[in-house]
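Written below as structure tokens is the structure these notes are about.
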There are 2 protein chains.
Amino acid sequence: MGIAERKERQRAELREQILAAARRIVTEEGFDALTMRKIADAIEYSAATIYLYFENREAIGLQLCHESFEHLVSYMAPAVQVADPLGRLLAIGRSYARFGIENPAEYRLLFMTHSSFLEALFAAEREHPDPDDPGERAFQFVVDAVRVAGASGKLATDDPELIAEMLWSGVHGVVSLAITCKAALVSSVEDLAETMCRTLVRGISASGDVTLGSRSTS
Amino acid sequence: MGIAERKERQRAELREQILAAARRIVTEEGFDALTMRKIADAIEYSAATIYLYFENREAIGLQLCHESFEHLVSYMAPAVQVADPLGRLLAIGRSYARFGIENPAEYRLLFMTHSSFLEALFAAEREHPDPDDPGERAFQFVVDAVRVAGASGKLATDDPELIAEMLWSGVHGVVSLAITCKAALVSSVEDLAETMCRTLVRGISASGDVTLGSRSTS
DNA sequence: CCCGATTCTGAACAGCGTTCAGAATCCTAT
DNA sequence: ATAGGATTCTGAACGCTGTTCAGAATCGGG
């Protein structure tokens with residue numbers, strides 16, 4: 001009964017084609033420009049067909065988000081190799097910023113979309129907790145790093161989640177502001193991100209002066 | 001010849017009605033929900049009439065932005081009364097965050113809209129420089145405060161604009177993240193904003209320990 | 001009171017997400 | 001081989017969007 005397998009495979013393939021077309025459009029023109037009819041043209045099917053594979057436009061965006069979260073994690077993961085607790089936090093911040101700068105469309109989709117996919121993702125996570133969820137992994141990754149730094153007595157404060165969210169917010173601020181309007185900033189995104197990471201790490205460290213690794217330590 | 005005056009007054013009044021209706025819709029439902037036909041219903045004119053008073057939907061948003069910038073400045077202005085340079089920076093950060101938290105729709109319109117009114121505002125500012133422009137005033141306000149702190153020798157670094165933009169980015173990160181998805185944050189926006197302001201000021205200050213004013217110093 | 005200028009509107013255009021009846025295809029069972 | 005049910009696909013439509021424009025209505029100076 002290889003027929004059922006083949007049909008399922010074909011179904012999965014078309015689904016993948018839809019996602020590929022959608023991702024291309026989002027990357028090139030942004031999520032607002034993602035149109036069902038545009039996808040339909042790209043895959044050479046009618047627009048109505050897409051609804052046999054995805055509930056609606058939102059569902060396509062959500063799936064793209066899941067994949068982009070994996071992408072983000074792949075940027076941040078290497079930071080665990082940095083042994084020094086504060087250095088690791090610095091490395092995480094830098095890699096997060098680099099992801100946003102190098103993949104603005106994905107970043108916008110993940111963290112800056114009006115309909116807020118993040119909201120939907122976190123709601124889903126709350127209903128069906130899944131430690132393997134990339135979003136959850138990414139956040140826990142930061143919290144853990146803060147915990148390690150706290151345990152080593154190098155932090156001035158002791159609220160891992162608060163500090164993790166502050167670090168996230170700080171770098172997010174740089175990236176999102178740069179994406180929303182580069183014109184409003186005189187400094188380069190790179191300088192801004194680097195300054196932000198260093199300042200935040202310096203601000204949370206127990207001792208005033210911190211030995212900050214070289215900038216290439218991303 | 002009071003007729004011309006009256007006509008002009010009536011014209012200005014209708015224009016104001018359009019803006020008032022638009023502001024109400026944006027505040028209650030967000031900019032995406034701002035529809036020409038919705039405004040038309042509210043002011044009891046046809047949708048086409050609006051185009052006699054504004055070039056397009058974007059122009060209405062831009063005008064609302066100008067007014068919201070004034071609103072933002074009114075939040076930050078009192079911070080000049082804080083004499084201590086670092087305390088003033090702290091006060092500015094707090095008041096900026098408070099504006100965003102208390103006026104999320106306005107904040108979103110100013111700094112988080114896809115079409116980026118900020119971009120348009122800065123482009124206009126660049127063509128016709130106007131020191132009285134609220135946006136320009138707001139940014140210069142922060143830069144000046146950083147300069148004062150730098151001149152008093154209380155800063156570790158010496159690049160006023162870079163530092164100003166980093167401070168802006170940091171608080172913007174907190175506010176925008178909270179607006180995009182409160183659900184993703186465990187900490188309260190208020191705690192996050194306060195921690196961010198304190199950490200950033202601590203991070204840029206020359207001496208490690210900073211005497212931070214009480215939280216009510218907004 | 002006329003007539004040009006101003007002000008306003010209904011209808012239309014092209015585009016959007018989404019739905020649905022029906023056509024087309026495919027696979028199974030006889 | 002073929003009948004027929006399930007699956008897959010599509011064209012047309014609905015209601016919505018921003019915007020344009022010809023023409024109607026009003027207004028005010030001469």
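Quantities reported herein were computed from a predicted structural model and do not represent experimental measurements. A note on names: the letters A, B, ... follow the listed sequences, proteins ahead of strands, and every chain is numbered from 1.
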With side chains defined as the heavy atoms from C-beta onward, is the minimum distance between R23(B) and Q63(B) less than 4.5 Å? no
Would you mind classifying the nucleic acid contact of T35(A) as base, sugar-phosphate or nothing, using non-hydrogen atoms under 4.0 angstrom? sugar-phosphate
Is the side chain of K38(A) donor-acceptor paired with the backbone N or O of I25(A) at a distance under 3.5 Å, no angle test? no
Value in whole Å for how far the P atom of dC8(C) lies from CD of Q17(B): 11 Å
Does a donor on one side chain and an acceptor on the other come within less than 3.5 Å for Y107(B) and Y96(B)? yes
Look at all strands and tell whether Y53(A) reaches a base, only sugar-phosphate, or nothing, counting heavy atoms closer than 4.0 Å. sugar-phosphate
Any R6(B) side-chain N or O less than 4.0 Å from OP1/OP2 of dG28(D): yes
Nearest-Å distance, CD (E5(A)) to C1' (dC27(C))? 14 Å
Is a donor-acceptor contact shorter than 3.5 angstrom present between the side chain of R37(B) and the base of dG18(D)? yes
Residue mapping more 5' on DNA chain D - nearest nucleotide basis, L14(A) or R57(B): L14(A)
Across the strands shown, which category fits Y51(A) at heavy-atom distances under 4.0 angstrom: base, sugar-phosphate, nothing? base
Ranking N56(A) and Y45(B) by the position along DNA chain C of their nearest nucleotide, the one closer to 5' is Y45(B)
Report the distance from atom CD1 of I39(B) to atom C1' of dT19(D), rounded to the nearest whole Å. 13 Å
For atom CD of E44(A) and atom P of dT8(D), their distance in whole Å: 20 Å
The nucleotide from dG10(C), dT18(C), dT7(C) with an atom nearest the side chain of M36(A) is dT18(C)
For residues 124-134 of chain A, please give each side-chain donor-acceptor pair under 3.5 Å, one per line with the distance, not counting sequence neighbours.
from	atom 1	to	atom 2	distance (Å)
E125(A)	OE2	D130(A)	N	3.0
R126(A)	NH2	A183(B)	O	3.1
D130(A)	OD1	D132(A)	N	2.9
D133(A)	OD2	G135(A)	N	3.1
D133(A)	OD2	E136(A)	N	3.1

With a 4.0 Å cut-off on heavy atoms, is I60(B) in touch with a base, just the backbone sugar-phosphate, or nothing at all? nothing
Roughly, in whole Å, what's the span from CD in E55(A) to P in dG17(C)? 15 Å
Return the value, rounded to whole Å, for the distance between atom CD of E8(A) and atom P of dA6(D). 19 Å
N-O pairing of R9(A) and E5(A) below 4.0 Å: no
Between atom CZ in R11(B) and atom P in dC8(C), what is the gap in whole Å? 8 Å
Which of dT9(C), dG18(D), dG11(D) is nearest the side chain of S46(B)? It is dT9(C)
Between atom CD in Q10(B) and atom C1' in dG28(D), what is the gap in whole Å? 13 Å
Map T49(B) and K7(B) onto DNA chain C by nearest heavy atom, then report which one ends up closer to the 5' terminus. K7(B)
Using the side-chain heavy atoms of A47(A), tell me which of these nucleotides is nearest: dT18(C), dT7(C), dC20(C). dT18(C)
